[in-house]
*Asks:* 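The structure that follows is given in the form of structure tokens.
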Amino acid sequence: MCGRDYSFAKAGAAYAFRLFYVFWLDIMLNKTFEPAETEKKLYELWESEKAFSADPQSGKKSFTIMIPPPNVTGTLHMGHALTMTLQDTLVRWKRMQGFDTLWQPGTDHAGIATQMVVERALAAENITRQDMGREAFIQRVWKWKEESGGGITRQLRRLGASLDWPRERFTMDEGLSRAVKEVFVTLFNEGLIYRDRRLVNWDPMFRSAISDLEVESKDVAGKLWYVRYPVEGKPGETITVATTRPETMLGDAAVAVHPEDERYAALVGQFVRLPLTGRLIPIVADLHSDPEKGTGAVKITPAHDFNDFEVGRRHNLPMLTILDEQARVILDEIEDELTSVEGLADPAFVKNLAGLSREEARKTIVAELERLEWLEKIEPHRHQVPHAERGGAVIEPRLTTQWYCDAGKLAGPAIEAVTSGKISFVPKQWENTFFAWMRDIQPWCISRQLWWGHRIPAWYGPDGHVFVAHDDADAQKQADAHYGRTEVLSQDEDVLDTWFSSGLWPFSTLGWPDKTPELAHYYPTDVLVTGFDIIFFWVARMIMMGQHFMHDVPFRDIFIHGLVRDERGQKMSKSKGNGIDPLELIDAYGADALRFTICALTGIGRDVKLGRKKVEDYRAFVTKIWNAARFCEMNGVKAQDGFDPQSVTSPLGQWIIAEASTAIQEATKALEVYRFDDYALSCYRFVWNCFCDWFLEFAKPVFASDDTAEAAEIRAVAAYVFGIILRLLQPVMPFVTDELWTSFGFGKQGSLISQAWPEPIVLAGAEAAQAECNHIIRLISEIRTVRAEMNVPPSQKAPVFLQDAAQHTMERAERWQEAIGRMARVSHVALQQGNVPRGSAQAVVGEATLIIPLEGLIDITAEEERLKKELAKADDEIAKTDKKLGNENFVARAKPEIVQEMRDRLAAQQGESIRLKAALARIS
RNA sequence: GGGUGCGUAGCUCAGCGGUAGAGCAUCGCCUUCACACGGCGGGGGUCACAGGUUCAAUCCCUGUCGCACCCA
């Protein structure tokens with residue numbers, strides 16, 4: 001327990017003692033940090049104190065991030081943990097910088113995904129949605145949503161995400177539905193939404209159209225069937241077509257050959273008979289046919305293949321649909337033309353195909369062709385087969401009437417937003433990908449034959465006339481005016497593509513189409529943080545919709561982060577079973593550790609390889625901070641009101657304040673350019689390698705000394721710098737930092753989140769302090785190295801004598817006698833006088849040479865070897881620098897400051913060489 | 001086939017014109033009164049390869065090879 005109860009003793013003689021007792025035993029930090037407890041307590045506190053609330057009336061500048069709404073069916077995976085951690089880090093940082101921050105939460109209704117979940121649950125009860133009917137089914141989905149949906153929002157809280165929860169939206173809630181209708185009606189009236197009958201990617205499993213983006217090509221080992229088609233009027237003559245889909249020949253409308261293919265030139269314009277149906281189809285010349293592939297002649301099935309569809313259009317061919325919505329054979333459109341011809345299949349055979357699946361039909365048809373000897377040969381063949389990204393069914397191109405959005409028209413202003421720099425991608429590289437897709441954008445099929453989603457606000461009259469309106473009353477009014485009488489209307493059965501509503505997210509969540517204060521204050525938002533996988537699905541559409549309806553970009557920056565992979569670089573996936581559950585990591589190591597790990601590993605444009613081990617390693621950093629805090633606490637370090645860093649006079653104090661300022665600059669600069677890795681690592685380095693390894697070590701003798709004035713100053717400085725550390729790390733590790741913020745008396749529990757981001761300061765006269773501390777650090781390091789290399793046990797203290805030391809060097813060494821003693825295991829430091837004792841180790845630091853008498857403890861030969869090695873290294877460097885300076889071209893053409901740097905370097909190297917030689921002479 | 005990104009220490013990655021860096025791993029020493037989730041120190045790289053530009057190239061340009069991803 002991190003007991004925070006100040007159970008003050010009653011007044012009395014023992015009061016002072018009790019106060020002391022209470023201080024040490026009741027409010028000391030625990031030996032270890034317990035994340036679970038702190039996280040729960042703090043998150044609840046933040047939420048109840050409305051620490052995440054945005055306030056459009058605040059008068060402050062806004063900083064806004066729209067959450068990429070996770071599917072309402074979703075559970076938190078590593079990808080979420082990554083993107084949400086980055087967003088939260090930015091939001092928390094900007095909040096500290098004094099912005100009115102809005103991180104807009106919400107979830108997506110995710111049409112197909114959610115419908116699938118509920119249908120699966122129904123299947124367990126042996127019910128289909130068709131059994132239930134549309135209304136009951138939708139009610140059932142809503143019920144599911146209320147009970148089990150949105151679990152992800154609870155999980156986001158575990159991560160520490162500072163989302164403004166009371167503003168949570170759902171893509172199908174009332175307000176957003178209103179926005180969807182408004183957009184649909186407007187775009188329809190502008191002619192940018194229309195109905196069209198053309199080929200779509202049809203998912204026979206869901207029995208719905210899907211967009212190009214939802215289709216995934218997969219390389220599949222298939223076959224190429226060579227089928228002979230008899231040429232009409234030329235008995236015995238045939239043309240052989242090669243096909244990967246023999247079952248679609250029922251819908252063939254032509255055979256195409258290349259116009260310049262001499263083999264077939266004479267046949268163009270002739271007719272062939274389809275071996276199965278007896279239907280006569282023409283041989284046409286079309287560039288689509290590739291003479292190099294197969295036989296150079298291809299069958300054309302316009303209603304079941306995208307390329308063939310185009311060929312069909314060019315040659316005015318009939319478009320015969322021979323597969324139904326479940327991809328079963330359907331004969332309605334070809335039955336009338338079945339002809340009984342000698343040598344061809346019997347019409348009865350074809351009639352028996354009705355109702356067969358694609359796969360069964362293929363088998364049956366191939367067998368029949370073989371029996372009738374129309375099949376020439378079969379070759380193995382690898383080809384690309386379109387699959388539904390969700391569900392995995394093989395896509396069947398199908399001729400249907402769907403609603404389309406004229407993305408081509410909307411793309412222009414979206415492209416302009418990026419070319420003009422109103423929107424910047426980070427990394428910039430992604431702009432090319434964006435342009436490539438936007439400039440070749442296809443009409444967007446927005447209707448889906450599902451039940452769960454925004455129902456298309458279109459109504460049809462008895463004659464099929466369409467009325468698009470905000471509601472049925474409005475549609476009825478239009479219809480009454482149109483027909484001059486009251487006719488019964490029926491609403492379109494279809495719903496809109498889920499991305500249609502998420503495309504409106506940046507403004508629909510803010511109350512659009514109403515003119516709300518939120519909309520005025522938070523739009524355009526500042527940055528969108530997301531993965532590259534949804535640039536087309538979502539990012540592009542938000543830009544198009546934002547430009548069209550808000551006449552402004554939806555966000556200024558787009559930070560595109562990589563994918564989370566496992567430690568071996570494999571994509572995390574359910575099927576591979578290599579996923580890691582972020583909640584489990586939070587349980588094991590704490591949210592702070594997970595969040596810090598994510599930031600530390602997020603470089604620009606790189607995937608994040610994340611394993612347990614990494615989180616475990618960075619958890620050590622959380623522990624390190626905790627222990628540093630305990631040390632400070634034990635030494636009486638606590639928040640001091642009115643502390644003025646400019647009043648600090650000790651070199652140690654000035655030095656660490658200057659170092660802290662550098663860390664603040666680095667961290668701030670890194671966050672400004674989305675370098676989460678640099679941000680995390682500069683904090684890490686400052687805390688661990690500067691504050692803990694040096695400052696606290698230097699502080700130990702001060703705290704232990706009798707000089708209470710100096711000790712008091714260093715205590716105050718320690719508190720001041722530790723406060724900076726906590727504020728610097730709050731965005732990435734909000735829990736442990738807040739806990740410590742309170743422990744040190746900086747503020748009450750939960751208050752760190754709203755503290756000001758630290759500003760770097762310039763300390764007058766800090767340069768001298770920095771030079772002094774850096775010199776002492778070098779001195780100590782050098783002594784440590786020599787001792788370690790000579791295998792001197794740390795228990796063995798030895799004096800250090802300075803040979804040829806300048807006066808100020810000597811003075812410094814004396815001032816830091818105590819620290820050098822502790823940190824380098826030195827008994828005392830003194831100027832070297834007289835002869836160097838036998839058996840001494842030596843090291844060169846600046847103008848001075850350190851002499852460490854260790855007679856009997858070191859091997860003189862080894863020391864000689866060591867010094868020789870050092871000397872060789874120094875001479876090597878001299879040679880390199882010498883060579884450079886000897887090059888006339890270098891001296892003449894290189895920047896003067898570089899030349900000067902080289903000259904300085906040479907002088908230093910030569911000095912070192914001379915001193916090393918002297919050291920060698922002394923011991924040999 | 002078109003495009004993009006990447007090849008730097010055993011591993012994961014920074015650096016991107018002026019003497020090669022970090023973390024982890026490894027090796028040695030240390031249970032020193034915040035921390036062994038620790039401290040101190042060491043070893044380890046012709047920066048994929050081949051050309052070119054430059055006084056100077058891991059960094060810029062061209063090509064080759066290898067890996068990954070996207071589009072067709």
Side-chain angles (χ1 to χ4, degrees), chain A residues 28-29 31-33 212-213 216-217 384 386 427 429-433 435-437 440 532-533 535-536 562-563 565 567-571 589 593 597 600-611 613-635 637 675 677-678 680-682 684-685 688-689 692-693 696-697 699-700 704 780-797 822-825 873 876-881 883-895 897-899 901-902 905-906 908-909:
Chain A
M28 279 268 291
L29 289 168
K31 190 135 198 253
T32 52
F33 172 55
D212 303 355
L213 289 172
E216 197 181 20
S217 278
Q384 299 291 319
Q429 205 43 60
W430 289 108
E431 290 180 3
N432 290 331
T433 311
F435 290 140
W437 187 69
D440 184 37
F532 55 81
D533 46 334
I535 289 180
F536 306 140
L563 242 53
R565 298 171 176 276
E567 51 265 87
R568 288 195 314 248
Q570 299 281 310
K571 226 173 178 173
Y589 306 109
T597 307
L601 298 178
T602 299
I604 294 280
R606 251 201 205 267
D607 286 344
V608 175
K609 284 181 201 162
L610 199 146
K613 178 73 168 55
K614 294 261 177 66
V615 184
E616 195 181 328
D617 287 345
Y618 280 116
R619 190 259 312 257
F621 181 50
V622 179
T623 309
K624 185 74 180 178
I625 295 169
W626 187 259
N627 281 315
R630 286 177 58 225
F631 172 79
C632 287
E633 186 184 52
M634 283 172 194
N635 284 283
V637 173
R675 288 301 304 253
D677 52 347
D678 283 349
L681 295 175
S682 20
Y684 182 97
R685 270 196 280 267
W688 203 310
N689 304 122
C692 291
D693 286 350
L696 291 183
E697 293 303 324
K700 281 176 184 176
I780 292 171
S781 301
E782 207 52 56
I783 299 169
R784 282 169 168 173
T785 303
V786 173
R787 291 179 52 114
E789 284 192 356
M790 286 292 101
N791 282 317
V792 182
S795 55
Q796 191 73 44
K797 290 204 169 193
R822 274 178 187 248
M823 295 166 74
R825 318 299 299 160
K873 234 197 302 187
D876 237 35
E877 299 290 328
I878 290 171
K880 268 200 259 177
T881 318
K883 193 180 160 202
K884 221 167 188 184
L885 283 166
N887 181 344
E888 282 173 31
N889 272 324
F890 169 72
V891 181
R893 300 188 186 216
K895 280 178 270 177
E897 60 267 33
I898 297 293
V899 178
E901 197 187 310
M902 286 297 159
R905 188 183 295 166
L906 184 64
Q909 287 165 344

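Quick caveat: nothing in here was measured; it's all calculated off a predicted structure. Labels below follow one simple rule: chain letters A, B, ... track the order of the sequence lines, proteins then strands, and each chain is numbered from 1.
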*Asks:* Cation-pi between Lys624(A) and Tyr684(A): NZ/CZ under 6.0 Å from ring centre and within 45° of the ring axis?
*Replies:*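 So Lys624(A) doesn't make the cation-pi contact.
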
*Asks:* Just by protein heavy atoms under 4.0 Å, how would nucleotides 11-18 of chain B read 5' to 3' in B, S and -?
*Replies:* -SSSS--B

*Asks:* With the side chain counted from C-beta on, respond yes when Trp437(A) and Leu213(A) share a heavy-atom pair under 4.5 Å apart, and no when they do not.
*Replies:*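 The answer is yes, as the side chains (C-beta and beyond) meet within the 4.5 Å cut-off.
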
*Asks:* Mind checking the C1' distance from rU54(B) to rC60(B)? Whole angstroms is fine.
*Replies:*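 Between the two C1' atoms, the distance is 10 Å.
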
*Asks:* Given the C1' atoms of rG43(B) and rG2(B), what is the spacing between them in whole Å?
*Replies:*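 To the nearest whole Å, 47 Å.
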
*Asks:* Map Ile780(A) and Pro794(A) onto RNA chain B by nearest heavy atom, then report which one ends up closer to the 5' terminus.
*Replies:*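 Taking each residue's closest nucleotide, the earlier one in sequence belongs to Pro794(A).
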
*Asks:* In whole Å, I'd like the distance from the CZ atom of Arg825(A) to the P atom of rG39(B).
*Replies:*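 So the CZ-P distance, Arg825(A) to rG39(B), works out to 16 Å.
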
*Asks:* Please give me the minimum heavy-atom distance between Gln384(A) and Ser217(A), naming the atom from each residue.
*Replies:*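 Shortest heavy-atom contact: OE1-CB, 3.5 Å.
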
*Asks:* What interatomic distance, in whole Å, is found between C1' of rC6(B) and the corresponding atom of rC59(B)?
*Replies:*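 Rounded to whole Å, the distance is 15 Å.
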
*Asks:* Does rA50(B) pair with anything, Watson-Crick or G-U wobble, both distances under 3.5 Å, and if so, with which nucleotide?
*Replies:*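 By the stated definition (distances under 3.5 Å), rU62(B) pairs with rA50(B).
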
*Asks:* Look at the side-chain N and O atoms of Gln429(A) and state whether any lies under 4.0 Å from the OP1 or OP2 oxygen of rG5(B).
*Replies:*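 Gln429(A) to rG5(B) OP1/OP2: side-chain N or O found under 4.0 Å.
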
*Asks:* For the residue pair Ala628(A) and Leu696(A), what are the closest heavy atoms and their distance?
*Replies:*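 Heavy atoms of Ala628(A) and Leu696(A) come nearest at CB-CD1, 4.0 Å.
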
*Asks:* Would you say Trp688(A) places a side-chain N or O within less than 4.0 Å of OP1 or OP2 belonging to rC35(B)?
*Replies:*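 Checking rC35(B) against Trp688(A), no side-chain N or O comes under 4.0 Å of OP1 or OP2.
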
*Asks:* How close or far is atom C1' of rU54(B) from atom CG of Asn889(A), stated in whole angstroms?
*Replies:*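 The answer, rounded to whole Å, is 10 Å.
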
*Asks:* Do the side-chain N or O atoms of Lys624(A) get closer than 4.0 angstrom to the phosphate oxygens (OP1, OP2) of rG23(B)?
*Replies:*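 Answer no for this pair, as no side-chain N or O of Lys624(A) is under 4.0 Å from OP1 or OP2.
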
*Asks:* Rounded to the nearest angstrom, tell me the gap between atom CZ in Phe536(A) and atom C1' in rC71(B).
*Replies:*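 The answer, rounded to whole Å, is 8 Å.
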
*Asks:* What is the base-pairing partner of rG5(B), counting Watson-Crick and G-U wobble geometry with both distances under 3.5 Å?
*Replies:*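 By the stated definition (distances under 3.5 Å), rC67(B) pairs with rG5(B).
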
*Asks:* Could you measure between the two C1' atoms, the one in rA20(B) and the one in rC47(B), and give it in whole Å?
*Replies:*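 One C1' to the other, the span is 8 Å.
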
*Asks:* Need one value for Cys632(A): base, sugar-phosphate or nothing, where a base atom within 4.0 Å counts as base even if backbone is also close, heavy atoms only.
*Replies:*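 Counting heavy atoms under 4.0 Å across all strands, no contact is made by Cys632(A).
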
*Asks:* Can you tell me the distance, in whole Å, between the CG atom of Asp693(A) and the P atom of rA22(B)?
*Replies:*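 Atom-to-atom, Asp693(A) to rA22(B), this comes out as 14 Å.
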
*Asks:* Between N or O atoms, less than 3.5 Å apart, protein on one side and nucleotides 43-45 of chain B on the other: list the pairs.
*Replies:*
none

*Asks:* Going by modelled atom types, is there a donor-acceptor pair between the base of rC40(B) and the side chain of Arg784(A) at under 3.5 Å?
*Replies:*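 No such pair is found, so the answer is no.
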
*Asks:* Measure from CH2 on Trp437(A) to P on rA72(B) and round the result to the nearest Å.
*Replies:*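 It works out to 11 Å between those atoms.
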
*Asks:* For rG18(B), give its Watson-Crick or G-U wobble partner with both distances under 3.5 Å, or none.
*Replies:*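 rC55(B) is the nucleotide pairing with rG18(B).
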
*Asks:* Can you tell me if Glu897(A) has over 12 outside heavy atoms packed within less than 6.0 Å of its CD?
*Replies:*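 Yes, enclosed.
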
*Asks:* Roughly how many Å apart are rA9(B) and rC29(B), using the P atom of each and rounding to a whole number?
*Replies:*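 So the two P atoms sit 28 Å from each other.
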
*Asks:* Suppose we define a pair by two distances each less than 3.5 Å, Watson-Crick or G-U wobble; what does rC33(B) pair with here?
*Replies:*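 By the stated definition (distances under 3.5 Å), nothing pairs with rC33(B).
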
